[in-house]
Each structure stands twice: as C-alpha cells, then as structure tokens.
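Worksheet: the structure to be examined is printed underneath.
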Amino acid sequence: MSQDLAPLAEVGASGAPVRSYLRLVARRFRGHKVAVAALVVLVLLAGLAVFVNVMSPYEANPIPLTPEILGEAREQPTWDHIFGTDKLGRDMFTRSLVGLQKSLQIGFGVAIVSVLIGVVIGSLAGYYRGWIDALLMRFTDLILVLPALAVLIILASTPEPSFFGLFDFPPATTVTGMVIVISVLGWMPMARIVRGEFLSLREKEFVDAARAAGASGPRIIVRHLLPNAVGPIVVFGTLEVGLAILTEATLSFLGLGIQLPKISLGNLIADAEGTVGTDLAYLVIFPGLILFLIVLCVNFIGDGLRDALDPRAVR
Amino acid sequence: MTHTPPAPALLEVEGLEVEFKTEDGIVHAVNGVSLVVGMRETLAVVGESGSGKSVTALSIMGLVTKPGRITNGAVSFAGRDLRTLTDKEYRGLRGGDLAMIFQDPLSSLNPAFRVGDQIAEAIRAHSDTSKAAARERAAELLALVGIPQASTRARDYPHQFSGGMRQRAMIAMAIANVPKLLIADEPTTALDVTIQAQVLEVLQAAQRETDAAMLLITHDLGIVAGLADRVVVMYAGRIVEEATLDDLFYDPRHPYTIGLLGSLPRLDDKRGEPLRTIPGSPPGLYSLSVGCALAPRCAFAIDRCRSEQPELRVAGAAADHRSACFRAEELPGLRSEQPA
Amino acid sequence: MLRYIGRRLVASALVLLVASALIFVLVRAFGPDPAEARCRYSRSKAACMQEQREFLGLNESLPEQYFRFMGDFLQGDWGNSQRTDRSVAESVGDDLWESSQLAFWGVLVSVGLAVAIGGYSARKPYSKGDSLFTGLAFAGISMPTFWFGLITIHYLTGGLKDMLGTTEPIFYSIPNPVGSGPLEYARELTLPVLVLSVQLVAGWSRYQRSSMLDELHNDYIRTARAKGLSERRVVWKHGLRNSISPLVTVVALDFGGLFGGLIITERVFSRPGMGTLVLDAAISGDTQVLIPWMFVTGAIIILFNLLADVLYGVLDPRVRVA
C-alpha cells in the first residue's frame, strides 16, 4: 500500500497523481460506513451551529429578558423547545448550539496550532537528528511527564497571562486564549509522529536524489518529506479536534475557561449542575449529549481517515 | 483403493478440500487430497511452499483456523472419523496420539515460559500427573533428545536455547505422550545446515523410541531420501505423484517430480551441469484451473493437459506407484529425447 | 538487571530535577500571580502588591527563587497554603491518601475490564460482541468525563432509588456522611471509580485487543493448541502472559492522564484529594500549594514510568536475563 504514497513525493505538488491519490483515499473512506455516517452528522450539527442565529427563532442571550421569555422558564423539552428552557426561559437548544459553535472554533483552532507546532518540532528533530533531535525530544518527553490537566488548570486560571510582563496573552476566558492554552499541551504526540515518519523517510532514495540535486534542508522537508507524512498528520489533527473540544468543555466546566454570559457547552453544564437529581436535569443532559455526539463523530471520522490514509497503521 | 499400504492403515485422508477466504477472493489451498499412512510407516509429503502440504497437516491436526475452512473430505485416524469429533475429543488426541512438530522452533515455543514447563504442560494436558513428576519427565525427555544437563536446561527459557536445541525440545514435547502419529512440518528448514542432520537423527530416534508413524512434510527431497518409506508429491493443492522411495527417485512418472529431482544437487553428478530449476512459479490458487495446474510450466504439456484435469492413476511397473499425468507412461522416453 | 535499574534510577532523578525547574518557571511565568491573589480585594492594590511581592520574595531573580524554594522543599519545609494557611506538606499527604484509594480501585477495575474485554475481542475479532465493545470504546474515548459523572449521579443515585423504591440511595454521590465499614466504603466509591474508569477502560481495552490479536497470531499459540490444551488455557495462559508486559507499560505511562481523571472525578463527587487540592489552589492563585503539588505529582509519574521499565524487564524473560 505504501507504493500509493511514493509517487506523491516525487511529483511534489504537480497535478494528476495527487488527484488520483485523493480519489483513492476518498474511496477507502467511503468504505468505512460508520465514519461516513459520522461525517454526515458532524456536517449537520456544525451547519446548525454556524447558522444558529439565522435559523433559530430564539436568542441565546435575549436582552432584555421580557416577561414572555421569563414566563417560559424551566419548561421541559417540547416541540417548541426541544431541549427545554433554562431558569430564565431561554431556549436550551439555541444555547447549546451557540456553545457548540465555540467548541468547534476552539477544536479546529487547537488542531491547527498544535499540528503546526508539532510538525515544526518533529520535522527539525527528524530531519536534522543529532543534538537538535536529542534536545527537542527530551523537551517533548519532559512536557509529557507533567500532568496535563493540572498544567492546563494553572495556565487557564491566570487572569492576565503574560510572559514576565514582557508580552501579554489573551486570557483563557476568550476563544483565542483557550486555543493557545490547550495547544501548548497538545503538540507533543504530533512532534513524535512526524519525527518518526521523517526518520524513516529521510533514508529513501528520492530524498538522496533531492539532496544530490542541491535542495536545501527546509526545501526537502517541505517539498519531499511533509507530503509523505500527510496521512498521519491529518489523522492526528482530526483526533486532536475531538480532544481539544473535550478539554475546553472540561476547563469551562471547572470554571476556568469561557465565562457566562458567553456560552460554552462546559459552562452551560456547570451552570445547571444543581439540577442533577431533579426533573430539571435535562439542562445538564442535553448540552452534554451534543458535546458527546460531536466528539464521537470526530473520533469516528478520525478512525475512517486512518484506514483511508494510513493503511499500515495498527488499529 | 487400488493399492494397499504396507501395514494396517493408521491415518486415512480421503478427498480433502480446504479453502481460505481472503480479501482478494477464496484461495483453494487443498483440492481433493487422499493419502494413507500405515502403522510405523514414514510418509513424506513433498512440494514447494503453497502446494498445500502444511495445510493438509494442519487439517489432520484439526488446527485449520479462520479464515481457513475444511470444505470437503474425510480424515480418519486409528479408526475414528476426526471430522465428527467434538472439540474436547479432538483435544484429547492432539498432543496425545497425534503430535506435531513445526517449522520454526523459536516462534513455536512460548518465549515467556521455561522450556521444561512447556513440555510438562503437554504431559499434564493428557494425564493426571503432578507438576513435579511432569517436570521430571520433561527433563528425561530433553535428555532423550540429546540436550546435555537436561535437568538444568529444562529451567531455561527458549531464547537461551540454540536453534537446534529448540527443535530438539519441540521433538521432546511431541513425543511426550508417546504418539501414534508424528507430523513433522519442515522440521529442519529453519535450522543451520550443519544442525539439520543431527536434528533429523534425533527425529528418527524419537520415532523409533515411540514406535510412531510419521508424516514428514518437506520441500527438500534430500531429507526424504534418508527418512521416508513412501513419498507423496503435491502441487497446487493436489497430489501429483505417489510412490515408494525407490520408485520415485529412480522412475519418476510426473514432470513436476522430475523437475524437483533435477533441482536436487547430487554428489555423483560428474558432468558439472548447472542445477536445474523449474521455470515459472506456482499458480495463485484463487480459481481452480480447468486443466493440469502444471501445464503452463511443463515442457511436456499437450493440449489435453490444458483442458482436462488428470486423475491419479497407476503408472510404471509397481502397483502402488501412481501419477496424475496423461503422459506418465511416455515420460521415460520423452526425457531421453529432451536436449540436456 | 540491577545495573539497568540503577541507570534508570539516575536518569529518572535527572528528569525529575529538570522537570522541577520547568514546573517552577512555568508556574511563576504563566501561573497566577500570588501577590495579585492576595491583593485582589485590597483598596490600594498597587501598594499592597508591592508589599506582598517583597514579602513573598518575588522580586528576587528566578534562579534565586528556585534555589531557595528547592532548599526549603528538600528540607521538608513546604510552607503554608495562602488560602487556608494549612501546612502544604500535611494537606498533600492527606489528599494523596484520599486520591490513592480512588486511583487504586480505578486502575484495578480498569485493568481487569480491559484484559477481559481485550481478550474476548481478540478471540472473536469482528464478531457482534467485538463490534459492540469497539463501539463502547469509541463512546468511552469521546465521553466528557465530568458530564458522565453528573449523568451517573442523576440516574444511579436518585433515579435508581426511585426505581427500586428504597428510602436511601444505593450509591452515594458525595463522600459518605455517616457510617463506615466495607459496605459503606463500596457505596461511596462505586460511582467515582466507575467515572474514573470509563476513559481508562476504553483506551486500554483497545490496546489490549490489538496486542492480544498479535499474540494469538504467533506460532507458539498453534503449538499450545497442538499440545491439546483447551482454548481457554491457550488464550488466557499463553496469549495473556505475553501481552501483559506491554499493557503494564501503557498503564504506567497513562498515570499523567490519571491525575486529570482524578481532578474531574473529585470535583464532580465533591471528594477531597489531590484533584480538589490543585483545583482550589489554582482558582485562588495559591502558588504556595501549586508548586509542591506539581513536584509531587511529577515525581509520582516519573516513578511509575521507572516502575514500568523495571516491570517490563521482570515480566519478559528475554530482557530479564540479558
């Protein structure tokens, strides 16, 4: 199966073989029925989340809270409010979708940033080897030794994060701040994967050929090595989306991320925690179901992509 | 049955068919194999890899596992129909009356357990023996197959044994319960040439010790010459020739056997002729061939070979010599005409 | 073997030392500002901050702070919490004991389930049962632990009570208010252990499935069958014995993640422990607690990595004798 990948590197970014490779991947992905179903559900949910302002007849944070709205407070799920309404009469479905919007922004944001960091560190280590590799990988191992969630909590609990006052970061109560915080602890597996791929790829003939033709290190990395590592990178990126969504929700639930009135799935659940054990528990159950469902879809898609892109990988 | 084995039959295989379901289609590994092994007899099954000889052996042991499946045929052993046995009854036979030695002695021993304990386990699976007694017996068996300081070495792990010692241990394990039939699947293929002869001697001694019959599976006619009473040659999941040792070597009646003999180095070959190989490679077994499976590689093939499947029939002088070649009777003549 | 352990021990101590410096810099540079935390409600914040920075020694250079802190730390002086004024050494000791019980049962249950599920799935790959467990594993990996905890409380305390018509819930959602003894202990720990185990079982059972599958394809399995052993013995003795050392490694390497699980589980079930300690400390900017907390957990994680290395050697005779 690896011969499917070899020509990709040699032609680099030029047309046809890349297209036929993508067609092959698409065909293999379609063979994974669960992943296809997950993709459909994900697209539907994401579509609802993105267009929630246009499509929902309700507002997530209606201001002012009119007597009509307040009059609908604590309504069990009905066809009008399929997730019910909260203690102030706000539609829980609309609020959940707004939360999902944030989840997706953060999930994809973290995936992109941690893939970037991981690819840079992994490429340098895998291509240059020697002391660069040793230094970067020991550093990676060191970060992996730390209890991740505890570090995240410490980072996220800082109200005005800055590096010794030299430059400031957006706090974790914002989407950007959250993306930064989660990415800081999300890139290590990517770095290891890319390094591993590079260590084996750099011994291949086409890399020797490129080197003999006088290509520089960065050029070989970008033009010849990275295209061949694209499978594992995409798979990791996908799984990282799911992981980041879970992490964000957890931090927000713990009271450290996005703060109300800005909505996230985690703080919606935290806000309704007191309803557990009462008949208002739907306020906890439904936002959580959305969260669970979106992460499940992402993980199934990741699994399908792994089968399609990286047939050698052990499941 | 037109021929009688030299002694009362111990094992009879009749019309065995085995197939494997793979992603690329069904592989027909064994396509109607019939063979008989008499008491104390050594029958060699010869063929190149993929000829179905190992699968035949595993079928007799009842060890064909998914995606493989026996689709047809009968296997009877000491008068019992093996295909109707329950799992439990079959377990009683395996490692008891019916024992097997595998090709690669390193991977065939569990790396996590001591060699002696693995042999003791075989003993305890078939008799009510105490752990200590089984261990003692295991050490005796190891001594029997020529392991020096057997009681000490019994406490070693497989990786501490050399290749030859590991195969000796496998032989010890196989004869632990005095089997009636010993199946040896390429017992020396994975070993150094220098060790092969020693291990074969041990194997022969072990057979004598237990009075067992042996089904020797190999691709190496050199081994066959020293050990077997009769020989069965397999190609593409079928038996193509069956004869006594002498008949097969001195009067082969199938082009494939002739090819195998031609690729055997001989000490008395003075002509300095290069070793001959059989041109082409064995067929993929995804679909059953209409005619003789060897036809595409055969120098003697005629039109009939490509359209009709040759059956196993008596060929040559002896009544127990059979060949699946339409031109079996003409072969000796054809061979002398062929340019060297 | 002893030399190997010795070498790993030295390496681990080195990692621990570097990790402690990293943790110190991390908390000081990016963590909450302890002076700010103390002066959060002060009227003259700037003056208060100035005073507190001086008092806490935050005006010294970072290396100076680190060495002073490490010196005190190694002499057993871990200081007092800024929030509760309790001795940090004492609260870490108490909370470690609380968390250990949860972690012990969680890991035990998870390993047991993972071995059973992995073995079953490897024996019958792609069967209905295997597919079910695969689906469950995906659900487990995708499960927001905190939400699962709340759902469990909703359905398995109040919900179960209503369903069975008992006057008292069978399982507790908070540390046992009254009573003691093994039964009460079990009623208190069942739900937290369940919640802590979900992610672990999901991950480990998938791992165990693939490593058992690998083992069951090995030739020695065929030999074991050829000996006439029962299928159960073939799988659970010969197969399991060889797949157990990789699993031990994975379990040990997941100890960092285990602390994450503890933080969430303890928060949801209002349990005292290391998770609650770090969460409260972080929210109140209590770096006096945060830094020792990180040192201790870092040390535990490194210790378990070391233990995994050693166990791997002990469990695999090929490594042991070499």
Side-chain angles (χ1 to χ4, degrees), chain A residues 34 138-139 141-164 169 181 184 242-243 245-247 249-250 253-256 265-266 269-270 272-273 275-278 281 284-285 287-289 291-300 303 314-315, chain C residues 15-16 18-19 22-23 26-33 36 62 135 138-139 141-148 150-151 153-154 157-159 173 206 209-210 214 253 255-264 267-268 274-275 278-279 281-285 287 290 293-294 297-298 301-302 305:
Chain A
V34 181
R138 288 297 81 73
F139 181 63
D141 291 347
L142 204 60
I143 301 209
L144 279 169
V145 159
L146 303 177
L149 188 61
V151 177
L152 285 170
I153 286 174
I154 293 172
L155 293 181
S157 63
T158 313
E160 289 155 1
S162 77
F163 186 72
F164 295 111
F169 297 107
V181 164
V184 164
L243 204 61
I245 289 176
L246 278 185
T247 309
T250 303
F253 170 78
L254 295 175
L256 294 162
L265 288 171
I269 295 171
E273 197 185 348
T275 65
V276 166
T278 73
V284 165
I285 295 170
L289 265 181
L291 175 62
F292 172 52
L293 199 61
I294 202 83
V295 178
L296 190 65
C297 286
V298 169
N299 281 336
F300 275 131
D303 192 49
V314 197
R315 304 230 287 141
Chain C
V15 173
L16 191 57
V18 181
L22 182 73
I23 289 165
L26 185 108
V27 175
R28 276 281 180 269
F30 300 105
D33 183 344
E36 196 274 344
L62 210 56
F138 268 96
I141 294 165
S142 313
M143 185 67 76
T145 310
F146 65 91
W147 179 70
F148 183 70
L150 297 177
I151 296 294
I153 293 175
H154 182 70
T157 57
S173 63
R206 293 307 289 169
R209 175 186 185 272
S210 74
D214 286 349
L253 290 179
F255 253 72
L258 186 68
F259 278 100
L262 282 173
I263 294 173
I264 299 166
R267 157 73 178 75
V268 169
M274 291 296 272
V278 75
L279 193 59
I283 288 172
S284 58
T287 45
L290 287 182
W293 190 95
M294 290 290 288
T297 43
I301 293 167
I302 291 170
N305 285 351

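Just so we're on the same page: letters track the sequence lines, and every chain starts at 1.
Among all heavy-atom pairs drawn from Trp293(C) and Ala150(A), the shortest one is CZ3-CB, 3.3 Å. What you find for Trp147(C) and Val284(A) is that their closest heavy atoms are NE1-O, 3.0 Å. When all heavy atoms of Ile141(C) and Leu246(A) are compared, the pair lying nearest together is O-CD1, 3.7 Å. Residue Val145(A) comes nearest to Gly298(C) through the heavy atom pair CG1-O, 4.3 Å, listed as atom of the first residue, atom of the second, then distance. Here the closest non-hydrogen pair linking Phe146(C) and Gly266(A) is CZ-CA, 4.4 Å.
Interface summary for chain A: among Ser142(C), Gly261(C), Pro144(C), the most heavy-atom pairs under 4.5 angstrom belong to Ser142(C). Your options are Thr287(C), Val268(C), Leu290(C), and the one with the most heavy-atom pairs under 4.5 Å with chain A is Leu290(C). The residue among Ala281(C), Gly275(C), Ala139(C), Gly260(C) with the most heavy atom pairs within less than 4.5 Å of chain A is Ala139(C). Chain A forms the most heavy-atom pairs under 4.5 Å with one residue out of Ile23(C), Ile263(C), Val27(C), and that residue is Ile263(C). Across Leu279(C), Ile153(C), Leu258(C), the residue that shares the most heavy-atom pairs under 4.5 angstrom with chain A is Leu279(C). Of the listed residues (Val298(A), Leu289(A), Leu293(A)), the greatest number of heavy-atom pairs within a distance under 4.5 Å of chain C belongs to Leu289(A). Annotation: maximal heavy-atom pairing with chain C below 4.5 Å, among Gly242(A), Ala249(A), Ala148(A), Ala270(A), occurs at Ala249(A). Between chain C and the residues Thr275(A), Thr247(A), Leu291(A), the most heavy-atom pairs under 4.5 angstrom are made by Leu291(A). The residue among Gly135(C), Ala282(C), Gly256(C) with the most heavy atom pairs within less than 4.5 Å of chain A is Ala282(C).
Residues Phe138(C) and Asp303(A) form a side-chain contact, since some pair of their non-hydrogen atoms from C-beta on lies under 4.5 Å apart.
At a 4.5 Å heavy-atom cutoff, the contact between Met294(C) and chain A is made by side-chain atoms alone. Using a 4.5 Å cut-off between heavy atoms, Thr297(C) touches chain A through its side chain atoms alone. In this structure, the portion of Phe169(A) lying under 4.5 Å from any heavy atom of chain C is its side chain and not its backbone. In this structure, the portion of Ile301(C) lying under 4.5 Å from any heavy atom of chain A is its side chain and not its backbone. Heavy-atom distances place the side chain of Ile151(C), and not its backbone, under 4.5 Å from chain A. The contact between Leu256(A) and chain C is made entirely by side chain atoms (from C-beta outward), counting heavy-atom distances below 4.5 Å. Only the backbone of Thr278(A) has a heavy atom closer than 4.5 Å to any heavy atom of chain C.
Note that CD1 of Ile302(C) is 8.5 Å distant from CG of Leu146(A), once rounded to the nearest 0.5 Å. The structure places NE2 of His154(C) at 4.5 Å from CD1 of Ile285(A), a figure rounded to the nearest 0.5 Å. To the nearest 0.5 Å, the span separating CZ on Phe139(A) from CG on Leu22(C) amounts to 6.5 Å.
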